[in-house]
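Structure first, commentary second.
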Amino acid sequence: MTQRIVDILHEVEPRENIEVDGWIQTVRTSKSVTFFEIGDGSCIQNLQAVASVELSNYDALQKVQTGSAVHIVGKLVASPAKGQKWELHISEMNVLGTVDEDYPLQKKRHSFEFLRTVAHVRPRARTFGAVFRVRHALQMAVHRFFDDRGFIQVHTPIITGSDCEGAGQMFRVTTLDMNAPPRHDGSIDYSQDFFGKETSLTVSGQLEGEIFALAFKNIYTFGPTFRAENSHTARHAAEFWMIEPEMAFCDLSRDQQVAEDFIKYIVTQVLERCSDDIDFFDQWIDKGLREKLESLVNSSFETLPYTEAVSLLEKSKQKFEYPIKWGLDLQSEHERFLTEQLIQKPVFVIDYPRDIKAFYMRLNDDEKTVAAMDLLVPKVGEIIGGSQREERIDVLDAQLQYFDLSPVDYWWYRDLRRFGGVAHAGFGLGFERALMYITGMQNIRDVIPFSRTPGSADF
RNA sequence: UCCUGCUUAGCUCAGUCGGUAGAGCGGGUGGCUGUUAACCACUAGGUCGGCGGUUCAAGUCCGUCAGCAGGAGCCA
């Protein structure tokens, strides 16, 4: 097997007989020497391969184009010129895959918008090489964090029959003939559908996650999630991945502690394992990124009750587009002002008004607020949302009634409170949102290999 | 769904006061003793998003439709 370029570039001394497979990123030719930059996706740097005029096929090599797949044998020597430590002096070079003249990637910057239209070659562009290496490293860090702490990953269902997963438009899953669905009393008869009932793609694995938390104590879900909202923004996708840990025998304050440890751990892991990629993002995508990430890791997070947050914002005299008032949800401008100006570090806002949060969040003793938390970080705002869950059956029933939900639909969720129910808590993190924060990329479509958004499901 | 903006060469863009279209990159040809978004010369490449209108004349002004992007709402 040939060596990966990342390993070749980390050699400590010159070596004969290096073999490398990769794609040509750019070519510079002159009469007697031609430089190829070879990339294989293993790192942000390319390997400079040098062809001299003595090669028997030099004339042909001069015409090899950007994008070609090549196999090169050569000698690794210290590079005499600036720009790279090592370079490969070619003794043999074969083109394994040629490139037609309409190859879309050029040696200049393309717009991300254009690159989305050529998602089949986009991963070969430097920025996207870095994005998807970091995506992988981040994903591994998530699993490592939980595995190290004894959390079990639960594969919650992607197709769900419960209509009670929370807000958000759902994608219907059906095998019925859409041109002529069976009807009963005028409406569509889902009893004849594949599952014998109406089914959809999941919008959250949290409720199922609670089932497993009440057996394994500490669990997490990490899987695809679907929202059929017609959202045209840089932060929304129809298909994304979500991480939802759930812990039994756990209150809100330990939930916060785990969230803080978690976010620091995954950022630290990426800083260590993808250092060159982070430097690339820092230089080209988001100046100051490394400093932002390092300061997140090194800060101790604050905790601020919602009620205090509101009065701080009211006292600040800052002008906001949206009003500040107890009982209203914090807008993203408020969240950013809190974490960037008032607190100047990551902050958990906790104990939100009952009316603006979900039914399953644990009612506080004041009966006006619930044990919810949002982690706000500078530059982004909310990055994690979580809560302690209501474990008291009578209070849960009152909450269902308060939010006009049917206890029958939540029969197994209620059972959990009757069968050894105990205090438990968890939080949710959008994987792509975290990836955007860590890479500085500003559009969710550019951190997903093949994104699905309203009106767009190419590739 | 609402608001705003954009659509000119394969790509990134310029195009003034309305007068029949430009550059760089990429492709092709040639040159160059080591380049780093290499450089130099030449060359091919366009129904200016579609339709309609105003005008002697529309890439440019007006209307409309489409596509895309951003913001709002909603949320992760």
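Labels below follow one simple rule: chain letters A, B, ... track the order of the sequence lines, proteins then strands, and each chain is numbered from 1.
Map A:F114 and A:F240 each onto its nearest nucleotide of RNA chain B; the residue landing nearer the 5' end is A:F114.
Distance NE2 (A:H110) to C1' (B:A37): 11 Å, rounded to an integer number of Å. As rounded to whole Å, 18 Å separates atom P of B:G26 from atom CZ of A:R124. For the pair A:Y103 OH and B:C11 C1', the computed distance is 13 Å after rounding to whole Å. Distance, A:Q283 CD to B:A37 C1': 13 Å, rounded to whole Å. What separates CG of A:L115 from C1' of B:C11 is a distance of 10 Å, to the nearest Å. Nucleotide B:C74 holds its P atom 24 Å from the CZ atom of A:F226, rounded to whole Å. Taking atom CG of A:D100 as the reference point, atom C1' of B:G10 lies 13 Å away to the nearest angstrom.
Taking every heavy atom of residues 231-238 of chain A and every atom of RNA chain B, pairs under 4.0 Å involve A:S231, A:H232, A:T233, A:A234, A:R235, A:H236, A:A237, by number.
Judged by a 6.0 Å distance limit and a 45° cone about the ring axis, A:R149 is positioned over the six-membered ring of A:F145.
The partner of B:A69 is B:U4, judged by Watson-Crick or G-U wobble contacts that both fall below 3.5 Å. For B:G30, the paired nucleotide is B:C40, the pair qualifying as Watson-Crick or G-U wobble because both relevant distances are below 3.5 Å. Pair assignment for B:G22 gives B:C13, based on Watson-Crick or G-U wobble hydrogen-bonding distances that are each under 3.5 Å.
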Between protein and nucleotides 27-34 of chain B, what N or O pairs are separated by less than 3.5 Å?
residue: B:G27; atom: O3'; partner: A:Q65; partner atom: NE2; Å: 3.3
residue: B:G27; atom: O2'; partner: A:E101; partner atom: OE1; Å: 3.1
residue: B:G28; atom: OP1; partner: A:Q65; partner atom: NE2; Å: 2.8
residue: B:C32; atom: OP1; partner: A:K31; partner atom: NZ; Å: 3.1
residue: B:C32; atom: OP2; partner: A:K31; partner atom: NZ; Å: 3.3
residue: B:C32; atom: N4; partner: A:K31; partner atom: N; Å: 3.4
residue: B:U33; atom: O4'; partner: A:S32; partner atom: OG; Å: 3.2
residue: B:G34; atom: N1; partner: A:E87; partner atom: OE2; Å: 2.6
residue: B:G34; atom: N2; partner: A:E87; partner atom: OE1; Å: 2.4
residue: B:G34; atom: N2; partner: A:E87; partner atom: OE2; Å: 3.0

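Counted within 6.0 Å of NZ on A:K345, heavy atoms from surrounding residues, nucleotides or ligands total more than 12; the atom is thus considered enclosed.
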- [ ] Carefully, step by step, assess A:V95 and A:I24 under the rule side-chain contact (heavy atoms from CB on, under 4.5 Å).
- [x] CA-CA 10 Å; A:V95 178; A:I24 293 177; over 6 Å; no
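Between A:Y360 and A:Y410, the ring centre distance reaches or exceeds 6.0 Å.
Taking syn as a glycosidic angle within 90° of 0, B:U20 qualifies as syn.
Side-chain contact, A:E113 with A:S111: no donor N or O sits under 3.5 Å from an acceptor N or O. A side-chain donor from one of A:Y402 and A:D355 sits under 3.5 Å from a side-chain acceptor of the other.
A:F146 meets the ring pair (Phe, Tyr, Trp, His ring centres under 6.0 Å) test with A:F151, A:Y220, A:F262; sequence neighbours excluded.
Base contact: A:Q106 has a heavy atom under 4.0 Å from a base atom. Residue contacts for A:T26: at a heavy-atom cut-off of 4.0 Å it reaches the sugar-phosphate backbone alone, with no base atom in range.
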